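Everything on this sheet refers to the single structure shown next.
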Amino acid sequence: MAPTAMITGITGQDGAYLARFLLDKGYQVHGMVRRSSSENFERIADLAGRITLHQADLLDQLSIVNLLHTVRPREVYNLAAQSFVPTSWLQPLLTGDFTALGVTRVLEAIRLVDRTIRFYQASSSEMFGQVRTEPQNEDTPFWPRSPYGVAKVYGHWITVNYRESYEMFCCSGILFNHESPWRGKEFVTRKVTDAAARIKLGRQDRLKLGNLDAMRDWGFAGDYVEAMWLMLQQDQPDDYVVATGEKHTVRELVEIAFARVDLNPAQYVETDPALLRPAEVNHLCGDSTKARQKLGWRPRVGFRELIEMMVDADLERVRAERH
Ligand code: NAP
Ligand code: F7E
């Protein structure tokens with residue numbers, strides 16, 4: 001019989017890639033979506049009929065319990081979160097409720113309904129924050145720099161705790177930044193690739209950015225969802241860093257994106273102090289040796305290829321827009 005998976009956050013970037021990955025593996029895929037007055041299923045629209053969506057909310061314990069009773073999955077991937085770092089300063093309590101306590105609600109539902117369900121938690125390199133050592137691996141101490149990062153540290157440790165307390169199969173994937181043409185437009189990669197496309201096509205004049213010196217270890221989301229799945233196929237649950245091991249500045253990202261459309265960024269890009277963060281994560285670079293050795297995982301798409309893929313997709317999308 002086909003294995004069944006339940007994805008929270010299926011409408012997000014990673015949910016859309018993971019749903020396709022699991023369908024290709026022969027899974028029955030179920031997704032949890034929250035109620036909204038207007039549907040926002042753009043990333044999974046073409047999967048209609050192949051996946052089953054259910055209304056529930058990370059804020060509502062009973063809805064998650066009922067969902068697991070109905071679906072009875074073998075695997076649960078908890079991808080839902082308030083995931084935008086700047087919003088976490090504007091809405092720190094809501095971020096804590098979704099991104100931290102939401103994890104406990106899913107774990108409690110699993111504990112009540114079926115403790116053999118395998119659980120994946122979407123942890124983040126933002127937990128390392130003000131990094132102590134480089135590159136960061138599973139043993140690097142956490143020093144989160146935003147309410148989002150703090151909430152993810154809670155989510156990570158509660159996942160470890162349910163594994164240790166109840167012998168549940170709980171894994172925490174500490175994923176470094178991963179991007180794609182489906183990345184939300186507020187994140188810096190997509191903001192830049194979308195702007196490069198719009199400026200090239202005469203639909204935008206300027207691009208305002210914050211800290212151009214920030215460095216990130218950017219990979220491709222399509223590669224990273226494979227690591228999530230691999231973690232749940234092992235004999236023992238564990239935690240893994242997933243990263244490329246290369247870091248680049250926001251400035252380099254801008255240069256590659258604008259070069260792709262033959263434009264000089266100096267003519268269009270300006271910095272705006274309003275986009276600087278109250279506390280910045282200046283640089284991150286991951287060491288995914290454990291994932292490479294134990295899971296046999298490796299990233300396939302490099303940084304330049306990723307940014308060029310995103311610019312090309314944005315050019316196509318902007319060209320197709322009516323104006
Ligand atoms: P995303 O595009 O922002 O998607 C977030 C998802 O969470 C959306 O489907 C959203 O639904 C859902 N959600 C938010 N609040 C919810 C609630 N109260 N109840 C139910 N669903 C809710 O994020 P992503 O980039 O795919 O990331 C997936 C996960 O990995 C997140 O937990 C993120 O924090 C984590 N992560 C991401 C990265 C990265 O670089 N992408 C790196 C490390 C960790 P709506 O469509 O209704 O808003
Ligand atoms: O910022 C700098 C900004 O918002 C990256 C989330 O998926 O990855 C993501 O969090 C860097 C920061 O991602 C702008 O200051 C400069 O240093 O794309 P971002 P993030 O904050 O790293 C982690 C792993 C997650 O877990 C999160 O969910 O870019 N930056 N200028 C800017 N960033 C934005 N957004 N906008 C700018 O104008």
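Just follow the structure's listing: the first ligand is 1, and inside any ligand the first atom is 1. Just so it is clear, the structure is predicted and the values come from calculations on it, not from any experiment. Just so you know, residue 1 is the first one in the sequence shown, and it goes up from there.
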Short N/O distance, under 3.5 Å, between [X] and ligand 1?
X: Leu58; value: yes
X: Lys152; value: yes
X: Ala56; value: no
X: Asp57; value: yes
X: Asn78; value: no
X: Ser124; value: no

Do the side chains of Glu108 and Arg105 get close enough for a salt bridge, i.e. N-O under 4.0 angstrom? no

Salt bridge flag under 4.0 Å for residues Glu126 and Arg216: yes

Could you tell me whether [X] atom [atom1] has more than 12 heavy atoms of other residues or ligands within 6.0 Å of it?
X: Asn264; atom1: CG; answer: yes
X: Arg50; atom1: CZ; answer: no
X: Gln234; atom1: CD; answer: yes
X: Gln233; atom1: CD; answer: yes
X: Glu270; atom1: CD; answer: yes

Ignoring angles and geometry beyond distance, decide whether [X] reaches within less than 3.5 Å of ligand 2 through its nitrogen or oxygen atoms.
X: Arg277; answer: yes
X: Leu209; answer: no
X: Trp218; answer: no
X: Lys191; answer: yes

Tell me: protein heavy atom nearest [atom], and distance?
atom: atom 5 (C) of ligand 1; value: Ala81 O, 3.8 Å
atom: atom 1 (P) of ligand 1; value: Ser83 OG, 3.7 Å
atom: atom 35 (N) of ligand 2; value: Glu186 O, 3.0 Å
atom: atom 41 (N) of ligand 1; value: Arg183 NH1, 3.2 Å
atom: atom 13 (O) of ligand 2; value: Asn177 ND2, 3.6 Å
atom: atom 28 (C) of ligand 1; value: Leu79 O, 3.4 Å
atom: atom 46 (O) of ligand 1; value: Thr11 OG1, 2.6 Å
atom: atom 12 (C) of ligand 2; value: Arg216 NH2, 3.4 Å
atom: atom 48 (O) of ligand 1; value: Arg34 NH2, 2.7 Å
atom: atom 26 (O) of ligand 1; value: Asp14 N, 2.8 Å
atom: atom 18 (O) of ligand 2; value: Val188 N, 2.8 Å
atom: atom 39 (C) of ligand 1; value: His178 CE1, 3.3 Å

Between Lys152 and ligand 2, find which residue part has any heavy-atom pair under 4.0 Å and reply side chain, backbone, both or neither. neither

May I ask you to identify, for Ala214, whether its side chain, its backbone, both or neither come under 4.0 Å of ligand 2 on a heavy-atom basis? side chain

Nearest option to atom 36 (N) of ligand 1, as decided by whichever heavy atom of Tyr148, Trp218, Phe98, Trp182 sits closest: Tyr148

Under 3.5 Å donor-acceptor pairs involving side-chain atoms of residues 297-308, not counting sequence neighbours:
unit_1 : atom_1 : unit_2 : atom_2 : d
Trp297 : NE1    : Asp223 : O      : 2.9
Arg300 : NH1    : Glu226 : OE1    : 3.1
Glu308 : OE1    : Arg260 : NH1    : 3.4

Per side-chain hydrogen bond (donor to acceptor under 3.5 Å, both in side chains), Asp314 is matched among Arg190, Lys185, Arg198 by Arg190

Checking Lys152, His156, Arg163, Gln121 against Ser172 for side-chain hydrogen bond (donor to acceptor under 3.5 Å, both in side chains), the one that qualifies is His156

Could you see which bit of [X] sits under 4.0 Å from ligand 1, with heavy atoms only: side chain, backbone, both or neither?
X: Glu126; answer: neither
X: Ala221; answer: neither
X: Phe187; answer: neither

Co-membership, hydrophobic cluster, residues Val318 and Trp182, 4.5 Å side-chain: yes

Begin from the C-alpha positions of Lys25 and Trp229 and carry the test side chain to side chain contact (heavy atoms under 4.5 Å, CB included) through to its verdict. CA-CA 10 Å; Lys25 291 262 173 222; Trp229 174 78; 3.7 Å; yes

Contact atoms of ligand 2, heavy-atom distance to [X] under 4.0 Å:
X: Phe84; value: 4 (O), 35 (N)
X: Tyr148; value: 25 (C), 26 (O), 27 (C), 28 (O)
X: Asn211; value: 16 (C), 31 (N)
X: Ser125; value: 24 (C)

Does the residue Arg183 have a heavy-atom contact with ligand 2, meaning some pair of atoms that are separated by less than 4.0 Å? yes

Do the rings of Phe258 and Tyr268 sit parallel, tilted or perpendicular, given the 30° and 60° boundaries? parallel

Cut-off 3.5 Å, side chains only: do Gln136 and Ser125 have a donor facing an acceptor? no

Proximity of Phe142 and Phe128 rings by center, below 6.0 Å: yes

Spell out, as yes or no, whether a donor-acceptor pair under 3.5 Å connects the side chain of Arg145 to the backbone of Glu280. yes

Ring pair (Phe, Tyr, Trp, His ring centres under 6.0 Å) against His54, all qualifying residues, sequence neighbours excluded: His30

